[in-house]
There are 2 protein chains.
Amino acid sequence: MPPMPIQQSPNQNHLLAALPAAEFERLAPHLEPVEMLLGDVLYESGGLLQHVYFPTTAILSMHYVMENGSSSEIAGVGNEGMLGISLFMGGNTTPSRAVVQTGGQGYRLKAQLMVQEFKRAGLMQQLMLRYTQALITQMSQTAACNRHHSLVQQLCRWLLLTLDRMPTNELIMTQELVASMLGVRREGVTEAAGKLQQAGVIRYRRGHITVLDRSGLESQVCECYAVVKKEFARLLPDVRQPQDIFLPPQPAQGEAVVHTIDRSRSRK
Amino acid sequence: MPPMPIQQSPNQNHLLAALPAAEFERLAPHLEPVEMLLGDVLYESGGLLQHVYFPTTAILSMHYVMENGSSSEIAGVGNEGMLGISLFMGGNTTPSRAVVQTGGQGYRLKAQLMVQEFKRAGLMQQLMLRYTQALITQMSQTAACNRHHSLVQQLCRWLLLTLDRMPTNELIMTQELVASMLGVRREGVTEAAGKLQQAGVIRYRRGHITVLDRSGLESQVCECYAVVKKEFARLLPDVRQPQDIFLPPQPAQGEAVVHTIDRSRSRK
DNA sequence: CGGATTATGTTGGCTAGCGCACATACGCGG
DNA sequence: CCGCGTATGTGCGCTAGCCAACATAATCCG
């Protein structure tokens with residue numbers, strides 16, 4: 001069937017929704033609704049950014065492709081955020097590329113208008129900067145997670161983050177694709193997903209992954225998911241939050257820390 | 001011997017040096033020279049930022065410490081950059097901690113003054129945002145590198161990045177410390193460093209690592225180093241660049257590494 | 001309906017890096 | 001100049017995840 005033009009509204013994107021009326025009105029006429037298909041490349045590595053994107057139902061993904069062909073996701077962008085921060089950060093390009101991870105809708109805004117609005121130094125600017133800060137947390141957490149946690153844990157993290165950006169609990173996505181997101185082999189994903197299916201947490205068939213038991217994911221995921229969620233909640237509190245946020249027993253921030261650089265990685 | 005008060009000047013920091021005269025003059029009276037000792041913790045995870053730091057001879061490091069005690073460097077900050085971006089990005093804290101990786105001098109600026117200056121939306125702001133963008137590249141490249149490259153390659157990358165921030169070619173640093181930076185075992189570093197020493201590229205003794213042959217490092221390092229360097233050069237071209245820059249076949253010059261520090265919270 | 005395409009399952013061998021448990025030796029401080 | 005504290009060297013078993021080469025099966029499409 002043809003892609004039916006589903007109704008969407010800009011305020012399905014949390015950042016747009018959080019804009020004060022005045023700023024929103026100024027932008028609204030220029031928000032161009034776009035349909036994005038799975039696999040579409042929105043930014044090529046090193047290319048100039050023509051638009052910024054505010055997904056509503058689509059999910060986007062920033063990638064880095066290495067010389068040897070392997071790739072890793074750097075960060076994902078759903079209706080909680082936007083794609084194209086490097087525009088107002090000063091470079092007009094990024095060394096990463098951006099692709100559509102889940103087909104759907106969104107809005108885009110011409111680069112020049114975005115920069116213009118940013119330079120007004122209003123709430124829009126503040127919002128964008130805070131979002132960027134949250135994105136930085138997500139990226140650095142991913143770096144640490146890549147290093148220290150198992151594939152299954154990382155898969156759980158990725159599924160939860162993706163789930164939070166979705167209206168349903170079914171991802172349209174091959175294991176191959178998931179593998180390229182996590183930067184691992186497809187077989188590795190098959191194995192990890194197999195374990196989760198065995199545990200009754202997910203079910204999958206050709207190109208579809210359905211989450212049956214969200215709390216099952218939460219019980220296996222590493223701390224990284226909660227850290228990212230918490231930081232988003234802290235930085236963008238006024239922004240509508242996904243239904244259920246996973247925040248374990250965590251009492252407060254300001255944990256017991258050692259005084260010098262951690263020298264005993266094996267101290268449990 | 002006592003730590004002799006070595007002469008330093010704010011323009012030894014590339015970001016400060018790149019400020020237009022007017023903005024620099026405004027800030028100068030408030031730049032407070034500080035001596036930072038190896039191991040000092042400038043920001044604790046989740047703590048409030050009291051100052052931003054502009055290293056001149058010191059090298060700082062942003063870390064993330066995981067629940068199981070293992071840790072990874074997220075980004076380093078030397079005289080090419082500053083510590084404390086989350087201040088003007090909107091959060092007043094970061095989930096990461098910042099420590100002194102190489103003792104030395106620098107300047108710090110009270111948080112409030114920094115924010116004030118940033119809000120003037122002058123060149124200072126632009127500079128800070130560009131720096132942040134470069135930092136993002138460094139972080140995401142690290143994430144990908146963690147995933148796809150060997151320990152030796154990563155060690156080379158780290159050594160080169162650190163070298164670029166140093167006046168000499170000798171790091172005061174134990175293998176244990178390097179290990180905690182890279183997020184690997186100490187024994188792994190011993191092995192990797194052993195290989196490099198065997199190849200005549202470095203020499204080390206108890207707590208000292210001397211780089212004998214920079215080009216040797218460059219020939220073994222992965223692409224990640226060049227990507228980061230190139231991005232810094234692109235985003236901060238007006239900023240004074242370190243002496244020798246590694247950019248293989250590339251015509252353009254490029255170099256500048258970013259780091260941020262703040263010792264406000266725990267001072268020994 | 002049937003064949004081509006593509007996603008997933010499986011297997012075996014391989015290696016990097018982990019964890020642990022030491023041995024050794026450097027060099028600072030008394 | 002001696003000695004202890006700590007940085008470094010090594011060895012061994014182990015495991016996660018890699019690489020390659022398939023077998024099987026679901027879906028698309030003619």
Side-chain angles (χ1 to χ4, degrees), chain A residues 1-2 38-39 66 68-72 144-158 170-198 202-210 220 222 258 260-268, chain B residues 1-2 38-39 66 68-72 144-158 170-198 202-210 220 222:
Chain A
M1 58 188 117
L38 185 128
M66 319 227 69
N68 64 14
S70 58
S71 76
S72 290
C145 192
N146 279 354
R147 169 71 75 200
H148 297 290
H149 296 137
S150 75
L151 211 168
V152 178
Q153 288 181 304
Q154 295 184 44
L155 178 58
C156 288
R157 170 176 58 84
W158 188 86
E170 179 178 347
L171 325 192
I172 314 263
M173 174 135 297
T174 73
Q175 298 185 355
E176 181 83 47
L177 204 41
V178 176
S180 85
M181 295 287 169
L182 296 179
V184 299
R185 285 179 322 144
R186 195 263 314 162
E187 291 92 327
V189 173
T190 300
E191 187 190 331
K195 284 182 193 164
L196 291 179
Q197 175 154 257
Q198 203 115 31
I202 66 174
R203 177 163 35 92
Y204 57 87
R205 44 177 251 273
R206 272 210 147 211
H208 298 248
I209 306 180
T210 308
Q220 295 204 43
C222 48
V258 218
T260 40
I261 294 179
D262 172 67
R263 55 182 24 179
S264 58
R265 312 179 353 94
S266 51
R267 184 181 309 161
K268 301 221 164 147
Chain B
M1 62 190 113
L38 184 126
M66 318 226 70
N68 65 13
S70 58
S71 75
S72 289
C145 193
N146 278 355
R147 169 72 75 202
H148 296 289
H149 296 138
S150 76
L151 210 168
V152 178
Q153 289 181 305
Q154 294 183 45
L155 178 57
C156 289
R157 169 175 60 81
W158 187 86
E170 178 177 348
L171 325 192
I172 316 266
M173 176 136 294
T174 73
Q175 297 184 358
E176 182 83 48
L177 205 42
V178 175
S180 87
M181 296 286 169
L182 296 179
V184 299
R185 282 182 322 148
R186 195 265 314 162
E187 292 91 326
V189 173
T190 300
E191 189 190 330
K195 283 183 194 164
L196 291 179
Q197 175 155 256
Q198 203 114 32
I202 66 174
R203 176 163 36 92
Y204 58 87
R205 44 177 252 274
R206 274 208 148 210
H208 298 249
I209 306 180
T210 307
Q220 295 203 44
C222 48

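Letters A, B, ... mirror the listed sequences (proteins, then strands); counts begin at 1. We use all heavy atoms of the structure for the numbers below, so side chains are in, but hydrogens, waters and symmetry mates are not.
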Colleague: For Arg147(A) and Gly194(A), take the nucleotide of DNA chain C holding the closest heavy atom to each; which residue's nucleotide lies nearer the 5' end?
Modeller: Gly194(A)

Colleague: If you check every side-chain atom of Arg186(A), which of dT8(C), dG17(C), dA21(C) has the closest atom?
Modeller: dT8(C)

Colleague: Between Lys195(B) (NZ) and dT10(D) (P), how many Å, whole number?
Modeller: 13 Å

Colleague: Once side chain to side chain donor-acceptor pair (under 3.5 Å) is applied, do any residues pair with His148(B), and if so which ones, sequence neighbours excluded?
Modeller: Ser70(A), Ser72(A)

Colleague: Check each residue of residues 177-185 of chain A for a non-hydrogen atom within less than 4.0 Å of any atom in DNA chain C, then write out the ones that pass by number, or none.
Modeller: none

Colleague: Nearest to the side chain of Gln175(A) - dT8(D), dG9(C), dG17(C)?
Modeller: dG9(C)

Colleague: Within a strict 4.5 Å, meaning less than it, do heavy atoms of the His208(B) and Ile172(B) side chains meet?
Modeller: yes

Colleague: Between Glu187(A) and Val152(A), which has a closest nucleotide on DNA chain D that is more 5'?
Modeller: Val152(A)

Colleague: Of all heavy-atom pairs between Gly183(A) and Arg147(B), which one has the smallest distance, and what is that distance?
Modeller: O-CD, 3.2 Å

Colleague: Would you please name every residue forming a side chain to side chain contact (heavy atoms under 4.5 Å, CB included) with Glu176(A), sequence neighbours left out?
Modeller: Thr174(A), Arg186(A)

Colleague: Could you state the atom-to-atom distance from CD of Glu191(B) to P of dG17(C) in whole Å?
Modeller: 8 Å

Colleague: Rounded to whole angstroms, how far apart are CD1 on Ile172(B) and P on dA7(D)?
Modeller: 14 Å

Colleague: Do His149(B) and Arg157(B) come close enough that some side-chain heavy atom pair is under 4.5 Å?
Modeller: no

Colleague: Kindly give the heavy-atom pair with the smallest separation between Gln220(A) and Val152(A), and that separation in Å.
Modeller: OE1-CG1, 3.7 Å

Colleague: According to salt bridge (charged side-chain N to carboxylate O under 4.0 Å, His left out), who are the partners of Glu191(A), at least two apart in sequence or on a separate chain?
Modeller: Lys195(A)

Colleague: Without decimals, in angstroms, what is the distance between Glu176(A) CD and dT8(C) P?
Modeller: 8 Å

Colleague: Taking only side-chain nitrogens and oxygens of Tyr204(B), does any of them come within less than 4.0 Å of OP1 or OP2 of dG9(D)?
Modeller: yes

Colleague: Could I get a table of every N or O pair under 3.5 Å where one atom is in the protein and the other is in nucleotides 23-29 of chain C?
Modeller:
| residue | atom | partner | partner atom | Å |
| --- | --- | --- | --- | --- |
| dC26(C) | O2 | Arg206(B) | NE | 3.2 |
| dC26(C) | O2 | Arg206(B) | NH1 | 3.1 |
| dC26(C) | O2 | Arg206(B) | NH2 | 3.2 |
| dG27(C) | OP1 | Arg205(B) | NE | 3.3 |

Colleague: Please report, rounded to the nearest Å, how far the P atom of dA16(C) is from the CD atom of Gln154(B).
Modeller: 14 Å

Colleague: With heavy atoms under 4.0 Å as the rule, sort Gly188(A) into base, sugar-phosphate or nothing.
Modeller: nothing

Colleague: Any chance you could measure Arg185(B), atom CZ, to Thr190(B), atom OG1, to the nearest 0.5 Å?
Modeller: 9.0 Å

Colleague: State which residues pass side chain to side chain contact (heavy atoms under 4.5 Å, CB included) with Gln197(B); sequence neighbours excluded, sorted by chain then number.
Modeller: Ile202(B), Arg203(B), Tyr204(B)

Colleague: Given dG17(C), dG17(D), dG9(C), which nucleotide is nearest the side-chain atoms of Leu151(A)?
Modeller: dG17(D)

Colleague: For Gln153(B) and dA16(C), give me the distance from atom CD to atom C1', rounded to whole Å.
Modeller: 12 Å

Colleague: For DNA chain D, whose closest nucleotide is more 5', that of Thr190(B) or that of Ser150(A)?
Modeller: Thr190(B)

Colleague: So how far is it from Leu177(A) CG to Leu171(A) CG, rounded to the nearest 0.5 Å?
Modeller: 10.5 Å

Colleague: Rounded to whole Å, how long is the line connecting atom CD of Gln198(A) with atom C1' of dG9(C)?
Modeller: 13 Å

Colleague: Asn146(B) CG to dG17(C) P: how many Å, rounded?
Modeller: 12 Å

